[in-house]
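Chain naming here is simple, since letters A, B, ... match the order of the sequence lines and numbering starts at 1 in each.
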Amino acid sequence: MGEQQTALAVDVDKRLNGFRLQAHFAAPAGFTMLLGPSGGGKTTLLNCIAGLLRPDAGRIAIGARTLFDSAARIDLRPAHRRIGYVFQDLALFPHLTVADNVRYGIAKLPAAERQLRTAALLESFHVAHLAARKASEISGGERQRTALARALVTDPDALLLDEPLAALDRATRSKIIDDLRAWNAVRSIPILFVTHSPEEAFALGERVVVIEAGRMVAQGMPQEVLAAPRHETVAQVVGFENVFDAKVTALHENQGTMLCRLDGADCELEVPLTRAGLGAPVRVAIRAGDIMVAAERPRGLSARNTLRGRIGAIRREGVRVILAVDAGVTFEVHLTPSAADELRLAPGREIWLVIKTYSCNLVHPRN
Amino acid sequence: MEWSAIFLSVRLALLVCVILLAVGIPIAAWLATSGWRWKFLVEAVVALPIVLPPTVLGFYLLVAMGPASPVGRLYAGFFGHGLAFTFTGLVIASVIYSLPFAVQPMAAAFAQVDRSLLNASAMLGASGLRTFRQIVIPLSRGGIVTGAVLSFAHTLGEFGVVLMVGGNIPGVTRTVSIAIYDHVQALEYNGANAMALLLLAFSFITLSLTYAVNRRMWRVWPLQR
């Protein structure tokens with residue numbers, strides 16, 4: 001490995017049709033997930049790195065190799081960047097066979113090596129049996145695999161994946177990811193993986209970069225980014241079902257907590273202390289799965305927040321029961337089916353919601 | 001049946017078709033890809049022969065080929081005779097006259113090739129020329145075939161430009177359409193009908209084949225949206 005373990009360093013500023021992308025991060029070898037809502041600039045960022053779009057300013061490098069540097073007037077053409085790029089629509093050449101697609105990027109190699117490498121990649125991504133088929137005649141999952149093999153056969157210094165697996169079912173997706181991981185265990189190149197699915201980002205990435213409206217709003221290890229969102233966008237992006245506006249009503253500095261009243265409701269929540277002052281507007285984000293339900297007013301609990309509410313609606317989604325509970329504001333609560341059955345939950349029934357202080361995540365509202 | 005006129009027409013049309021493939025593909029490629037702000041002027045010039053009366057085009061070509069123009073003088077200086085009323089002059093005039101019929105379907109086909117395929121090719125290290133040869137051309141076969149057939153058929157049936165530039169010299173510039181006109185002028189309707197029918201049948205068969213082949217191409221193109 002050694003010399004191959006070089007990070008992709010990105011610093012770009014790009015204006016495009018009234019939109020501005022500003023990104024600054026480094027992606028070491030391994031999976032870095034670019035997470036964010038669509039239209040937030042993720043694809044624009046990949047296109048800048050690939051050289052298909054030219055940033056107004058900045059620098060892009062892989063290890064010591066500079067691909068773009070506005071100050072030094074360096075701007076390598078896409079064909080010279082040694083970057084593998086799997087597009088959202090895959091862009092397989094429809095008139096070529098699977099094998100010819102994979103071979104396309106190594107036309108300059110000697111025939112014997114070309115044959116060897118093509119065979120190896122077709123094997124790694126389990127499409128060897130399709131080698132002679134036209135790219136337009138194979139299934140979705142097979143096309144994803146072919147596109148990955150085609151991008152990696154050139155032995156690129158970095159790999160860009162633009163939601164390449166979005167259309168696939170979970171099982172196929174995880175198998176392809178496993179194959180990609182196996183391939184990268186040897187190569188150790190930075191892989192930038194665009195997704196709008198927090199679950200995917202959380203599950204796959206060694207690092208997560210959250211992008212919204214052209215700006216990076218968070219980055220770090222998945223646990224760091226997902227568990228303690230410090231920005232409203234991050235909370236929405238990483239899947240907090242409950243986000244409420246509130247005002248600070250009391251500070252308990254010695255306890256490390258404060259009270260805040262939810263706007264439009266007559267209820268207060270104890271939440272972790274932040275720098276917000278008395279009366280300041282804050283936003284509270286709570287995961288639906290972090291809220292407990294009690295049939296009667298609970299006693300002797302460590303949880304500080306108990307709110308009375310009435311069940312508005314119940315629906316079942318897979319192995320989850322989803323409640324809408326009216327407690328002045330509407331909370332979304334997720335339970336297991338057995339818990340819901342045991343409590344005999346039904347619409348109209350009065351229940352108590354129990355929320356730990358540290359399940360309340362404070363999010364800084366955008367000004 | 002005037003076979004010499006028929007052969008002359010076919011020879012002229014084939015030659016023009018081949019020249020237009022060589023000239024038209026680069027022009028079409030440029031029109032499909034260029035971002036030059038004055039491109040619309042070139043597009044207008046290329047399309048002019050569609051709207052101009054053939055006599056207008058023929059008139060200016062005749063003047064350009066004559067001894068009064070620098071082009072005509074230059075040619076005469078090299079070859080010892082003028083371009084007007086020669087087969088070569090006829091070929092040049094026909095190439096210009098049929099240019100839009102070759103270029104427009106080709107440019108449309110090139111422009112229709114999915115941009116992300118071109119980007120994918122670039123990311124795989126291919127040069128612009130290689131991308132054009134191996135991706136754009138094969139995926140534009142339908143448009144190229146259409147352009148070639150249209151320019152062939154259009155040249156085969158042209159009349160006004162031929163009459164202006166070529167005149168009516170048997171074996172040199174007397175094409176089918178002019179022969180038919182002559183027959184009608186002389187009230188020889190049977191002779192005119194034989195050749196007109198041949199031209200009609202030939203044109204119909206050619207176009208049918210083109211459309212049939214093109215339709216098969218569309219069908220093997222499921223990735224194209």
Side-chain angles (χ1 to χ4, degrees), chain A residues 43 46-47 49-53 67 76-97 100-109 118 121 133-140 143 146-162 164, chain B residues 21 25 28-30 32-37 105-148 210 212-225:
Chain A
T43 300
L46 290 197
N47 284 341
I49 296 169
L52 300 173
L53 276 178
L67 308 180
L76 292 190
R77 280 192 283 158
H80 296 154
R81 292 199 174 195
R82 299 186 45 79
I83 287 179
Y85 193 165
V86 178
F87 296 87
Q88 195 163 15
D89 63 356
L90 301 181
L92 290 181
F93 305 131
H95 58 300
L96 300 182
T97 63
D100 283 339
N101 265 281
V102 173
R103 261 195 286 270
Y104 190 86
I106 48 173
K108 284 177 186 152
L109 292 182
T118 305
L121 261 295
R133 298 270 290 278
K134 279 264 180 68
S136 50
E137 295 167 349
I138 59 177
S139 78
R143 285 171 46 208
T146 305
L148 279 168
R150 182 180 70 172
L152 293 176
V153 78
T154 59
D155 216 351
D157 293 342
L159 180 64
L160 311 177
L161 303 171
D162 192 359
Chain B
L21 273 179
I25 287 177
W30 183 82
T33 56
S34 167
W36 191 43
R37 58 188 295 214
M106 290 177 190
F110 295 163
Q112 234 179 29
V113 174
D114 192 343
R115 271 201 74 84
S116 79
L117 295 182
L118 311 186
N119 287 339
S121 177
M123 293 313 298
L124 291 166
S127 66
L129 191 64
R130 179 168 174 228
T131 300
F132 187 70
R133 272 202 344 258
Q134 299 196 353
I135 306 299
V136 178
I137 293 266
L139 290 177
S140 307
R141 252 184 356 213
I144 294 170
V145 170
T146 303
T210 312
V213 168
N214 266 345
R215 193 168 51 206
R216 247 210 330 270
M217 268 169 204
W218 295 118
R219 219 186 46 208
V220 297
W221 229 357
L223 274 188
Q224 198 76 29
R225 262 156 300 165

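Contact record, Ala107(A) with Arg130(B): CB-NH2, 3.4 Å, taken as the closest heavy-atom pair. Taking each heavy atom of Gln134(B) and His95(A) in turn, the nearest pair found is O-NE2, 2.8 Å.
Here the side chains of Pro138(B) and Leu96(A) are not in contact, with every heavy-atom distance at 4.5 Å or above.
In this structure, the portions of Arg150(A) lying under 4.5 Å from any heavy atom of chain B include both its backbone and its side chain. Proximity to chain B (any heavy atom under 4.5 Å) is restricted, for Leu52(A), to the side chain, taken from C-beta onward. Residue Ser127(B) does not touch chain A at all, counting heavy-atom pairs closer than 4.5 Å. Both the backbone and the side chain of Tyr104(A) come within less than 4.5 Å of a heavy atom of chain B. Neither the backbone nor the side chain of Arg115(B) comes within less than 4.5 Å of any heavy atom in chain A.
Chain B forms the most heavy-atom pairs under 4.5 Å with one residue out of Ala147(A), Ala79(A), Ala151(A), Gly51(A), and that residue is Ala79(A).
Ala122(B) is linked by a side chain to side chain contact (heavy atoms under 4.5 Å, CB included) to Pro78(A), counting only residues two or more places apart in sequence or in another chain.
Atom CD1 of Ile83(A) is separated from atom CG of Leu124(B) by 12.5 Å, given to the nearest 0.5 angstrom.
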Using the rule given for side-chain contact (heavy atoms from CB on, under 4.5 Å), can you reason through Asp114(B) versus Phe87(A), listing the C-alpha separation, both sets of side-chain angles and the distance that settles it, and then say yes or no? CA-CA 12 Å; Asp114(B) 192 343; Phe87(A) 296 87; over 6 Å; no

